[in-house]
Colleague: 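Dumping the structure here so I can ask a few things about it.
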Amino acid sequence: MTNTKSTSVEVRLPSRLGYEKVAMSTAAAVAKLMGFREERIEDLKTAVAEACINAIEHGNRLNEGLSVGVVLSSVDDALEVKVIDDGKGLKTIPPKPDIDRKIHGEEDPRGMGMFLIQALVDEAEWVKGGNGKSSYVRLVIRLDKEAE
Amino acid sequence: MTNTKSTSVEVRLPSRLGYEKVAMSTAAAVAKLMGFREERIEDLKTAVAEACINAIEHGNRLNEGLSVGVVLSSVDDALEVKVIDDGKGLKTIPPKPDIDRKIHGEEDPRGMGMFLIQALVDEAEWVKGGNGKSSYVRLVIRLDKEAE
Amino acid sequence: MQTETKARVDRLTSPAGHSVTVLRFEGDIASTSKDAVLGTYQTLPKETTKLVLLDFTKVDYINSSGIALVIQMLIEASNASQKVYAFGLSPHFTKVFTMVGITKYAGLFSGQTEALAAL
Amino acid sequence: MQTETKARVDRLTSPAGHSVTVLRFEGDIASTSKDAVLGTYQTLPKETTKLVLLDFTKVDYINSSGIALVIQMLIEASNASQKVYAFGLSPHFTKVFTMVGITKYAGLFSGQTEALAAL
Ligand SMILES: Nc1ncnc2c1ncn2[C@@H]1O[C@H](COP(=O)(O)OP(=O)(O)O)[C@@H](O)[C@H]1O
Ligand SMILES: Nc1ncnc2c1ncn2[C@@H]1O[C@H](COP(=O)(O)OP(=O)(O)O)[C@@H](O)[C@H]1O
């Protein structure tokens, strides 16, 4: 249990839908300790949940033998969250969902997770794992962001 | 992120007082997914908090270079929690706190953590690490315990 | 292992005299909620159900898979010329519903009284 | 990084006409709460403070180090012949206070009204 950066918290979850709620709770508790406002904690919770669901579903393909890693690091006034899976990562960033096209059956009703992540946090970056494994999404949410 | 038992969640915390609240939230979320009643979740939260505080204070002696590990495993109808530190473990199980002796100054006002842990969960066991490291306390809390 | 979603149907009449079918959800709105969301919606008789009001008061957790189920319901409702409204969302989920554009097809109200007064 | 504990002092008079000093806490009651718990208590004038009522309504988290601070306050209060009572604890923390025996030296009430009525 040594050599962990003292301001980081790590969680490891099974690849089972529902367990994203565990990561949400852990992230919310870290953000609360850091002094984030309730409203930003809600944003973070949804972003972390969507990132974990994608890691479980797309990255680890619901294989319960694989786990999802969540690393929460507080750096100055920001919280960085990495959600790591064992997949090959994203091929392309999907287009912004279009509700009109969805309602008219021209687009899958799904496909809103990544859009929500980008809309709710200050930074979101998807990184492909070097060896076709350990891909991750990196989110950053900052304390006291003025514009909201 | 491979080879983790699919029904276990792991958290790693810095040895800093306050971070026990992160473990409390994670444990509560796991217990909620398992279907524990709100009342038992409160018991679990206090037991996990006290175990983490002891790991931070006594096991890791507030050395922020060391981290505390919390492993939450759901086995059938029970949740097992191991709280692991880098210390040598307990010398002896301290006596049950005596409020009369405390009020009369015959006993330290502190020294209630281990008593609370034992009183709140179904099983509590302190295990000394083999090499004078990785000592842990193992807690078990069972779903639908009749007697309460 | 995930929380089950519960759904209940109530038939109310708005002050303006219109029949309003209220779907009350409880628990999570997630991928596991298909029966609760779409299944319950599909039991409503199309001929007599013109106004549908979704009650999210007892829902704490909604994810994008759950929102996709609500969108599927909106598609079916649109095809049946029904109008869908919702109330009881927290400020956060009001923001999320607005971000994805659902509010364009399902008007949001703060509470049941406000919704009924407008229908 | 831990939540700061806030404490406020109110002087009330019970229906029976006794002066009651209410210490209202907000935040955590933990090892970081020494100033809020003991410090605030120690500002009370010993001659005129005979009944102390602790308000835990706005406290969500109490750990054993926080309970130890309450016990230290009880020791000082006992030495000054003051009586201490408390209200606003959740069912869980009522159980915890009972387990460690604090209730033997600090009577618990469900709310402020019930406490004042009994003092
Ligand atoms: N962790 C991931 N690993 C691999 N592919 C991913 C990952 N996250 C997202 N994707 C891809 O991006 C697409 C869009 O994701 P998202 O916007 O969350 O919507 P949805 O999950 O509903 O499809 C997914 O369908 C998937 O192909
Ligand atoms: N994880 C641990 N590692 C080493 N010693 C421990 C650990 N947990 C508890 N102890 C010992 O047991 C004693 C009693 O612990 P506890 O009942 O929690 O009360 P307190 O922490 O207030 O002293 C501690 O003072 C310490 O000496």
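Proteins come first, then strands; the chains are lettered A, B, ... in the order of their sequence lines, and each starts at number 1.
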Colleague: Is it true that a side-chain atom of S15(B) and a backbone atom of L66(B) form a donor plus acceptor pair closer than 3.5 Å?
Modeller: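 Side chain of S15(B) to backbone of L66(B), a donor-acceptor pair under 3.5 Å: yes, one is there.
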Colleague: Parallel, tilted or perpendicular: which fits the ring planes of F25(D) and F56(D), with parallel below 30° and perpendicular above 60°?
Modeller: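 It falls in the tilted class, 30° to 60°.
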Colleague: Is E50(B) in contact with chain D via its backbone, its side chain, both, or neither, using a 4.5 Å heavy-atom distance?
Modeller: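 For E50(B), the contact with chain D is made by the side chain alone.
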Colleague: When rounded to the nearest 0.5 angstrom, what is the spacing between OG in S90(D) and CD in E38(B)?
Modeller: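 Going from OG on S90(D) over to CD on E38(B), the span is 11.0 Å.
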Colleague: Salt bridge check, R8(D) against D10(D): does any charged N sit closer than 4.0 Å to a carboxylate O?
Modeller: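 Yes, this pair counts.
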Colleague: Which atoms of D100(B) are under 4.5 Å from chain D, going by heavy atoms: the side chain, the backbone, both sets, or neither?
Modeller: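 Both parts, backbone and side chain.
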Colleague: I would like to know whether L120(B) and M99(D) meet side chain to side chain contact (heavy atoms under 4.5 Å, CB included); could you show each step before the answer?
Modeller: CA-CA 10 Å; L120(B) 292 170; M99(D) 279 173 169; 3.6 Å; yes
Colleague: Would you mind checking if D122(B) and R40(B) are paired as a salt bridge, meaning a charged N to carboxylate O distance below 4.0 Å?
Modeller: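 Looking at D122(B) together with R40(B), the answer is yes, because their closest N to O distance falls below 4.0 Å.
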Colleague: Check each atom of I103(B) against the heavy atoms of chain D and say whether the ones under 4.5 Å are side chain, backbone, both or neither.
Modeller: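 Contact with chain D is through both the backbone and side chain of I103(B).
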Colleague: Which one of E57(B), K102(B), K45(B) has the most heavy-atom pairs closer than 4.5 Å to chain D?
Modeller: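 The option with the most such pairs is K102(B).
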Colleague: Non-hydrogen contacts under 4.5 angstrom with chain B: give the residues of residues 73-80 of chain D involved, or none if there are none.
Modeller: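 Contacts with chain B: L74(D), I75(D), S78(D).
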Colleague: Got a second to check how far L62(B)'s CG is from L17(B)'s CG, nearest 0.5 Å?
Modeller: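 Rounded to the nearest 0.5 Å, the CG-CG separation comes to 5.5 Å.
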Colleague: Hey, can you tell me if Y85(D) and F109(D) have their rings parallel, tilted or perpendicular (30° and 60° cut-offs)?
Modeller: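 Ring orientation, 0 to 90° scale: tilted.
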